[in-house]
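Counting starts at 1 for both ligands and their atoms, following the listed order.
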Amino acid sequence: MLSKILKTPNSSLVQFLQAHDEKFRKLRQTIHANPELSRQEFETADLIESLLKSWKIKTERLSTTGVIGILQKGDFQNGKRIGLRADTDALPIEEKGNLPYRSKNEGVMHACGHDGHTTMLLAAAKYLAEEADFDGTIIFIFQPDEEDQAGARRMVEDGLFEKFPVDAVYGIHNFPGASAGKILIKKGPQMAGTCEVHIDVFSKGGHAAHPYQTVDSVLVAAEIVVGLQSIISRNISGIDSAVLTIGAIHGGHANNVIPNKVSLLGTLRYFDLKVRDLIKTRIETLAKGICLAHGATCEVRLIDGYIPTINHDKETDIAIEALSSLMQPDFITQDKVASMGAEDFGFMLHECPGAYFYIGNDKDEIFTGLHTDQYDFNDNNILIGGAAWVTLALHFLGK
Ligand SMILES: [Zn+2]
Ligand SMILES: [Zn+2]
């Protein structure tokens with residue numbers, strides 16, 4: 001089975017990970033059973049920190065529930081430095097299904113596989129601390145709050161790369177929809193940036209039977225919704241990608257009253273900051289222009305969220321080279337298309353070169369997507385993902 005996936009199923013690295021596999025599966029299942037919401041990862045952080053310390057890896061806290069592991073070996077002063085990141089938080093979802101390690105915390109669930117990300121990186125940390133030989137520095141970044149308020153941004157703002165400088169930083173996410181263990185990696189955009197779109201239309205409401213005495217905010221809002229759809233199709237180059245969706249319209253309460261306010265709420269997804277800025281300008285101009293034409297007014301608020309996650313060419317090539325030495329050719333691909341979903345690792349890649357890649361998570365041919373109430377990380381990936389982390393780190397550091 002492993003020889004189908006890995007070129008070196010009998011290496012000392014794989015043997016080490018195999019010897020500890022049962023323990024790490026239990027650890028992953030323990031984390032799965034005890035999920036914590038964003039910025040509340042206190043027990044998870046304690047667990048990570050105590051394990052790192054037990055392997056003689058120095059630790060520090062950053063951004064309250066973030067844990068940094070610092071491992072230096074050999075002539076580290078003249079060696080390179082690499083950052084490896086795993087996210088640690090869970091989601092506000094009530095877990096369904098009958099897993100023996102089902103969530104014990106009501107309404108909280110590891111439905112994005114961050115329990116697995118944490119465990120893969122811990123497995124790699126144990127090997128790198130106890131067995132590996134290198135000259136350099138490895139910074140293990142256990143990042144909180146990926147799902148809610150961009151813990152990656154907060155760590156960067158709290159001095160991640162000043163306190164723990166690295167030459168490159170890497171992140172892995174599990175990926176339902178690809179065979180377990182398959183690595184999906186490529187240059188360029190991986191995940192989109194986000195921007196919340198709020199448009200409040202104000203007008204003179206009145207009796208629905210006498211619309212000529214009013215300015216109809218429902219009609220104006222409807223024109224804005226339709227008009228907004230011309231931005232992506234008419235103002236953005238066909239080569240660029242962006243999505244603009246209005247997901248909520250609120251206004252009015254009766255069949256015979258024209259309301260004096262309608263609110264629109266939507267999301268913008270993009271891969272290029274210049275494209276984002278152009279779309280934001282167009283949203284504002286178009287909404288205000290339509291309101292002006294009808295005698296209404298509006299307030300437009302465009303709130304930037306996550307920035308795009310874009311891989312750096314050189315650091316992606318280094319990872320492809322490293323991982324190609326580990327994976328059988330069928331188990332590494334550069335074909336994955338970018339997703340319009342979002343991920344806060346973009347904030348780290350904005351400050352530091354690096355790459356973000358995926359590991360297939362499919363299990364028993366049953367497809368459940370991320371953020372669904374029966375999602376479960378595939379424990380076979382602990383060994384493969386751990387081996388991928390170790391291989392990448394040692395290759396990067398020149399071993
Ligand atoms: Zn998620
Ligand atoms: Zn996730």
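- Within the protein, the number of N, O or S atoms lying under 2.8 Å from the Zn ion (ligand 2) is 3.
- Counting only residues at least two apart or on different chains, the side-chain hydrogen bond (donor to acceptor under 3.5 Å, both in side chains) pairs with a member in residues 340-350 are Arg85-Glu343, Arg85-Asp344, Gln143-Asp344, Glu343-Tyr356.
- Every salt bridge (charged side-chain N to carboxylate O under 4.0 Å, His left out) that Lys288 has, sequence neighbours left out, goes to Glu284.
- Applying the side-chain hydrogen bond (donor to acceptor under 3.5 Å, both in side chains) test to every pair with at least one member in residues 251-263, sequence neighbours left out, gives these pairs: Asp200-Ser263.
- The shortest distance between side-chain heavy atoms of Asp148 and Arg39 falls below 4.5 Å.
- With ring centers used as reference points, His371 lies 6.0 Å or more from Tyr375.
- Side-chain contact of Ser103 with Glu95: a donor-acceptor pair under 3.5 Å is absent, judged by distance alone.
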